[in-house]
Visitor: 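Input: one structure, supplied below.
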Protein chains: 2
Amino acid sequence: MTEDGNSTLPPSRRGRRPGASGTRQAILDAARARFAEDGYAAATIRKIASDAGVNAALVMQFYRSKDELFAAVMSISPGALSRIEQAFDGPEQALGERVTRAHLTLWEGDPRDSESLLAMLRAAISRPQAAAQLREFIQARLLKQIRPRLRDDHDAAVRSGLASSMLMGVIVGRRIVQVPALAEEDLESVIRRVAPAIQTVLTGGMEV
Amino acid sequence: MTEDGNSTLPPSRRGRRPGASGTRQAILDAARARFAEDGYAAATIRKIASDAGVNAALVMQFYRSKDELFAAVMSISPGALSRIEQAFDGPEQALGERVTRAHLTLWEGDPRDSESLLAMLRAAISRPQAAAQLREFIQARLLKQIRPRLRDDHDAAVRSGLASSMLMGVIVGRRIVQVPALAEEDLESVIRRVAPAIQTVLTGGMEV
DNA sequence: ACGATAAATCAACACTTGTTGATATAAGGG
DNA sequence: CCCTTATATCAACAAGTGTTGATTTATCGT
């Protein structure tokens, strides 16, 4: 006994930890979850650091500011985006159903994407920068796809903007405000109910 | 800057001001606008007080805490609510149009109401209390009206929840995210495009 | 006129936030 | 081995937050 071997003496928790840490990614994951759950303001650096099992100062050393950390979180995988774009291929008769499904599954699918989007949405409500990002997502990505299928640009912009906004509203109702009837309803059933309405907005007549 | 360097010495701006001030209402108005514009967290007592041309401590003396001030702001006038309820009277064929119009005009009408709703929506994203309030607004008020017109309760709840959420989404797109095509479009045109979709959600078939 | 009360400001507290500089430990190349 | 670099913690700052107690000035009932 009295032998101070190797195991009993790591008193100071300071300094670099042994092995490959992967801490940077852990911080990013914690940040994404926190931003999505609490919004930008309420998601403090200290909480994020704590979630990642790390000191707050380290977060600042990796990502230089809270803003840059947020920016690092705000990205949607190209794969998810292409899945949305593909939704526009096919018979126009089922356009609403495909667009609705693509949207809702993106917003409720892989946390890597859905949490980013939720965070973006939450932040868009309090931060102009995030609002601009979401605006671009809603506008450019969808408009690019919808435009060729509709008559004139202005019409296409309004229709696609409305469709995106309404689908976004469904997400807000389900995930944020958590209207009981919506939050409990399963995704497939929601899609079945919403799709015809989106179809109406996208292709339905209004000039009648 | 803006230092008033007049030579007369109007002694100490302290103490009660002459005349009936109406300051209490001014604080409430400033708070409503700030909460709607900045959200709960970013709307500081000091900013609200400054908007009302008053010291921050006075705000605390009138409304005892920031929470109570917020609660005081969160109320929609009975008149506005009854206007919404009336929207459900009439031929079912035009139900979507009336509900859409009632909603959108409420959300974009008298600032007394629309700012409260915007503030509620913004706050719902960061504060569970506000989320519950908005949930109740979306659910109870509308469900009570829609229920008699639809077959079973579950169906009615889901349909009315979806309609409200989608309309809320349109507001978010127009007022918060500010999707250009939507923000620029005038209200009447938006109603004309959205109404058929809401009609579809409320009364349209799904079992087909 | 007087005293109670309401309306207003001031100064400060206790706390949290993002951020920074110093320091400590590990990893890796020469 | 040493020296650089990446990883980690600690302590503290400056700014901003909601909130409070003391104080000053006007209003109103008696």
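All values below were derived from every heavy atom in this structure, side-chain atoms included, with hydrogens, water molecules and symmetry-related copies excluded. Lettering of chains follows the sequences in order, A, B, ..., and the numbering in each one begins at 1.
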Visitor: Nearest whole angstrom, please: distance from the C1' of C/dG18 to the CD of A/Glu68.
Guide: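 Distance, rounded to whole Å: 13 Å.
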
Visitor: Heavy-atom nearest nucleotide on DNA chain D for A/Ala56 versus B/Met60: which residue maps closer to 5'?
Guide: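 That would be A/Ala56.
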
Visitor: What is the distance from CZ of A/Arg64 to P of C/dT20, rounded to the nearest Å?
Guide: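 After rounding, the gap between these two atoms is 9 Å.
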
Visitor: How far apart are the closest heavy atoms of B/Gln199 and B/Leu95, and which atoms are they?
Guide: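 What the structure gives for the nearest pair is OE1-N, 3.3 Å.
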
Visitor: What is the separation between atom OH on A/Tyr63 and atom C1' on D/dA8, rounded to the nearest whole Å?
Guide: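 Nearest whole value for this atom pair: 15 Å.
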
Visitor: D/dT19, D/dT7, C/dC10: which one has an atom nearest the side-chain heavy atoms of A/Phe62?
Guide: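 Ranking D/dT19, D/dT7, C/dC10 by closest atom to the A/Phe62 side chain puts D/dT7 first.
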
Visitor: Return the value, rounded to whole Å, for the distance between atom CD1 of B/Ile27 and atom P of C/dT9.
Guide: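 Spelled out: CD1 on B/Ile27 to P on C/dT9 is 9 Å.
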
Visitor: In this structure, how many angstroms lie between the P atom of C/dT17 and the OH atom of A/Tyr40, rounded?
Guide: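 Rounded to whole Å, this separation is 13 Å.
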
Visitor: Between D/dT24 atom P and B/Leu58 atom CG, what is the distance in whole Å?
Guide: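 Computing the B/Leu58:CG to D/dT24:P distance gives 18 Å.
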
Visitor: Look at the side chain of A/Arg46 and decide which nucleotide, out of D/dT19, C/dC10, D/dA12, has an atom nearest to it.
Guide: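 Among the listed nucleotides, the one closest to the side chain of A/Arg46 is D/dA12.
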
Visitor: What is the distance, to the nearest angstrom, from the CZ atom on A/Phe35 to the C1' atom on C/dG18?
Guide: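 Result: 12 Å.
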
Visitor: Would you say D/dT7 has OP1 or OP2 under 4.0 Å from some side-chain N or O of A/Thr23?
Guide: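 No.
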
Visitor: Please work out whether the ring planes of A/Phe35 and A/Tyr40 are parallel, tilted or perpendicular, with thresholds of 30° and 60°.
Guide: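 Parallel: the ring planes of A/Phe35 and A/Tyr40 meet at under 30°.
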
Visitor: Both A/Gln61 and B/Ala57 contact DNA chain C. Taking the nearest nucleotide for each, which residue is further toward the 5' end?
Guide: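 By nearest-heavy-atom nucleotide position, the 5'-most residue is B/Ala57.
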
Visitor: Would you verify whether the NZ or CZ of A/Arg32 falls within 45 degrees of the ring axis of A/Phe70 while also being under 6.0 Å from that six-membered ring's centre?
Guide: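 Pair A/Arg32/A/Phe70 does not count as cation-pi.
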
Visitor: Would you find more than 12 non-hydrogen atoms of other residues, nucleotides or ligands less than 6.0 Å from B/Glu37 atom CD?
Guide: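 Not buried by this count: 12 neighbours or fewer within 6.0 Å.
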
Visitor: Would you kindly give the NZ-to-P distance between A/Lys66 and C/dT17, to the nearest whole Å?
Guide: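 Atom NZ in A/Lys66 sits about 9 Å away from atom P in C/dT17.
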
